[in-house]
Amino acid sequence: GNPNGAYDTCVSVFRQLGEPIPSSVTREEAGAMVAETLSLYKEVYNEEEWIHKMLEDEKIRTITKIYNLFVDACFLCKHEHIMIYHMCRAAQLSLQNGACEYTPIALIHFAGYCVIMDENAESIW
(Lines give C-alpha, C1' and ligand atoms only; values in the text may rest on other atoms or scores of the structure.)
Protein backbone atom coordinates (compact mmCIF):
# COMPACT_ATOMS: atom_id res chain seq x y z
CA GLY A 1 0.00 0.00 0.00
CA ASN A 2 0.85 3.63 0.28
CA PRO A 3 1.80 4.52 3.90
CA ASN A 4 2.08 8.25 3.14
CA GLY A 5 -1.43 8.19 1.68
CA ALA A 6 -2.69 6.30 4.74
CA TYR A 7 -1.04 8.86 7.01
CA ASP A 8 -2.61 11.77 5.12
CA THR A 9 -6.03 10.11 5.24
CA CYS A 10 -5.75 9.64 9.01
CA VAL A 11 -4.78 13.30 9.45
CA SER A 12 -7.80 14.35 7.39
CA VAL A 13 -10.17 12.19 9.43
CA PHE A 14 -8.72 13.45 12.73
CA ARG A 15 -9.21 17.04 11.63
CA GLN A 16 -12.83 16.30 10.70
CA LEU A 17 -13.33 14.82 14.18
CA GLY A 18 -11.71 17.86 15.84
CA GLU A 19 -8.68 15.96 17.13
CA PRO A 20 -5.52 18.12 17.07
CA ILE A 21 -2.65 16.50 15.17
CA PRO A 22 0.83 18.05 15.41
CA SER A 23 2.79 18.24 12.16
CA SER A 24 5.97 17.28 14.00
CA VAL A 25 7.01 16.10 17.45
CA THR A 26 10.41 16.66 19.04
CA ARG A 27 12.31 14.09 21.05
CA GLU A 28 11.48 16.04 24.21
CA GLU A 29 7.77 16.20 23.40
CA ALA A 30 7.68 12.46 22.72
CA GLY A 31 9.47 11.78 26.01
CA ALA A 32 6.99 13.97 27.88
CA MET A 33 4.10 12.15 26.22
CA VAL A 34 5.49 8.76 27.30
CA ALA A 35 5.97 10.02 30.88
CA GLU A 36 2.42 11.44 30.92
CA THR A 37 0.97 8.17 29.64
CA LEU A 38 2.91 6.11 32.20
CA SER A 39 1.69 8.41 34.97
CA LEU A 40 -1.91 8.07 33.78
CA TYR A 41 -1.53 4.29 33.61
CA LYS A 42 -0.23 4.21 37.20
CA GLU A 43 -3.26 6.25 38.30
CA VAL A 44 -5.80 3.80 36.89
CA TYR A 45 -3.85 0.53 37.29
CA ASN A 46 -5.17 -0.28 40.75
CA GLU A 47 -8.66 1.01 40.08
CA GLU A 48 -10.71 -2.10 39.46
CA GLU A 49 -13.54 0.06 38.15
CA TRP A 50 -11.43 1.26 35.20
CA ILE A 51 -11.46 -2.04 33.32
CA HIS A 52 -15.22 -2.28 33.86
CA LYS A 53 -15.81 1.30 32.73
CA MET A 54 -16.86 0.94 29.13
CA LEU A 55 -16.11 3.71 26.68
CA GLU A 56 -19.53 4.69 25.38
CA ASP A 57 -18.66 7.83 23.41
CA GLU A 58 -18.67 6.70 19.76
CA LYS A 59 -16.53 9.64 18.65
CA ILE A 60 -13.74 8.78 21.13
CA ARG A 61 -14.01 5.09 20.16
CA THR A 62 -13.56 6.04 16.51
CA ILE A 63 -10.61 8.32 17.31
CA THR A 64 -8.96 5.52 19.34
CA LYS A 65 -9.45 3.09 16.46
CA ILE A 66 -7.92 5.52 13.97
CA TYR A 67 -4.97 6.28 16.29
CA ASN A 68 -4.18 2.56 16.30
CA LEU A 69 -4.11 2.58 12.48
CA PHE A 70 -2.20 5.86 12.51
CA VAL A 71 0.61 4.30 14.56
CA ASP A 72 1.11 1.69 11.86
CA ALA A 73 1.21 4.34 9.12
CA CYS A 74 3.65 6.43 11.19
CA PHE A 75 5.90 3.41 11.68
CA LEU A 76 6.17 2.99 7.93
CA CYS A 77 6.61 6.60 6.82
CA LYS A 78 7.18 9.11 9.62
CA HIS A 79 9.76 9.88 12.25
CA GLU A 80 9.76 7.77 15.41
CA HIS A 81 8.78 10.70 17.63
CA ILE A 82 5.48 11.36 15.84
CA MET A 83 4.66 7.65 16.05
CA ILE A 84 5.32 7.69 19.81
CA TYR A 85 3.07 10.72 20.23
CA HIS A 86 0.14 9.04 18.46
CA MET A 87 0.71 5.72 20.23
CA CYS A 88 0.56 7.51 23.59
CA ARG A 89 -2.53 9.47 22.59
CA ALA A 90 -4.43 6.26 21.77
CA ALA A 91 -3.49 4.75 25.14
CA GLN A 92 -4.40 7.98 26.97
CA LEU A 93 -7.89 8.09 25.43
CA SER A 94 -8.63 4.63 26.79
CA LEU A 95 -7.05 5.31 30.17
CA GLN A 96 -9.03 8.55 30.54
CA ASN A 97 -12.37 7.39 29.17
CA GLY A 98 -12.67 3.65 29.74
CA ALA A 99 -12.07 0.48 27.79
CA CYS A 100 -13.43 -0.46 24.38
CA GLU A 101 -12.57 -3.01 21.71
CA TYR A 102 -9.65 -0.80 20.58
CA THR A 103 -8.07 -0.51 24.03
CA PRO A 104 -6.01 -3.74 23.92
CA ILE A 105 -4.11 -2.80 20.75
CA ALA A 106 -3.54 0.74 22.04
CA LEU A 107 -2.04 -0.61 25.26
CA ILE A 108 -0.06 -3.29 23.40
CA HIS A 109 1.49 -0.63 21.15
CA PHE A 110 2.40 1.42 24.22
CA ALA A 111 3.71 -1.54 26.26
CA GLY A 112 5.72 -2.78 23.29
CA TYR A 113 7.40 0.57 22.96
CA CYS A 114 8.13 0.68 26.70
CA VAL A 115 9.78 -2.76 26.55
CA ILE A 116 11.90 -1.78 23.55
CA MET A 117 12.76 1.55 25.17
CA ASP A 118 13.83 -0.20 28.36
CA GLU A 119 16.19 -2.46 26.39
CA ASN A 120 17.52 0.25 24.08
CA ALA A 121 20.03 2.81 25.36
CA GLU A 122 19.23 4.98 22.32
CA SER A 123 15.64 5.51 23.42
CA ILE A 124 14.10 8.93 23.86
CA TRP A 125 14.74 8.88 27.62
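The shortest side-chain heavy-atom distance between Tyr102 and Ser94 does not fall under the 4.5 Å cut-off. Arg89 is listed as a side-chain neighbour of Glu19, based on a closest heavy-atom distance under 4.5 Å. Between Lys65 and Glu101, the closest side-chain pair of non-hydrogen atoms is not below 4.5 Å. Within the 4.5 Å cutoff, the side chain of Met87 has heavy atoms near those of the Tyr113 side chain. The closest side-chain heavy-atom distance from Leu38 to Cys114 is below 4.5 Å. Leu17 has its side chain within reach of Lys59: a pair of non-hydrogen atoms, C-beta onward, lies under 4.5 Å apart. When side chains are defined from C-beta on, Asn97 does not count as touching Asp57, because their heavy atoms never get closer than 4.5 Å.
Looking only at distances, no side-chain donor or acceptor of Ser39 sits under 3.5 Å from a matching main-chain atom of Ala35. Using a distance-only test at 3.5 Å, with no hydrogens or angles considered, a donor-acceptor pair links the side chain of Thr9 to the main chain of Gly5.
Considering all non-hydrogen atoms of both residues, Ala91 and Leu107 come closest at CB-CD2, 4.0 Å. Among all heavy-atom pairs drawn from Ile82 and Cys74, the shortest one is CG2-SG, 4.2 Å. Closest of all the heavy-atom pairs between Tyr67 and Pro20 is OH-O, 4.1 Å. Among all heavy-atom pairs drawn from Gly98 and Leu55, the shortest one is O-CB, 3.6 Å. Across every non-hydrogen atom of Cys88 and Thr37, the tightest pair is CB-OG1, 3.2 Å.
A single hydrophobic cluster is not seen to contain both Ile66 and Ile105; linkage of ILVMFWY side chains at heavy-atom distances under 4.5 Å, directly or through other members, places them apart. Note on Val13: it clusters hydrophobically with Val11, by side-chain heavy-atom contacts below 4.5 Å among ILVMFWY residues. Residues Leu69 and Leu93 fall into different hydrophobic clusters, defined by Ile, Leu, Val, Met, Phe, Trp and Tyr side chains chained together at heavy-atom separations under 4.5 Å.
The structure places CD of Gln92 at 11.0 Å from OG1 of Thr64, a figure rounded to the nearest 0.5 Å. Of the inter-residue distances, the one linking Ile21 atom CD1 with Cys10 atom SG reads 8.5 Å to the nearest 0.5 angstrom.
By the 30° and 60° cut-offs, the orientation of the rings of Phe14 relative to His86 is parallel.
For the pair Glu56 and Arg61, the salt-bridge criterion is not met [side-chain N within less than 4.0 Å of a carboxylate O].
His81 pairs in a side chain to side chain contact (heavy atoms under 4.5 Å, CB included) with only one of the listed residues (Glu29, Arg27, Met33), which is Arg27.
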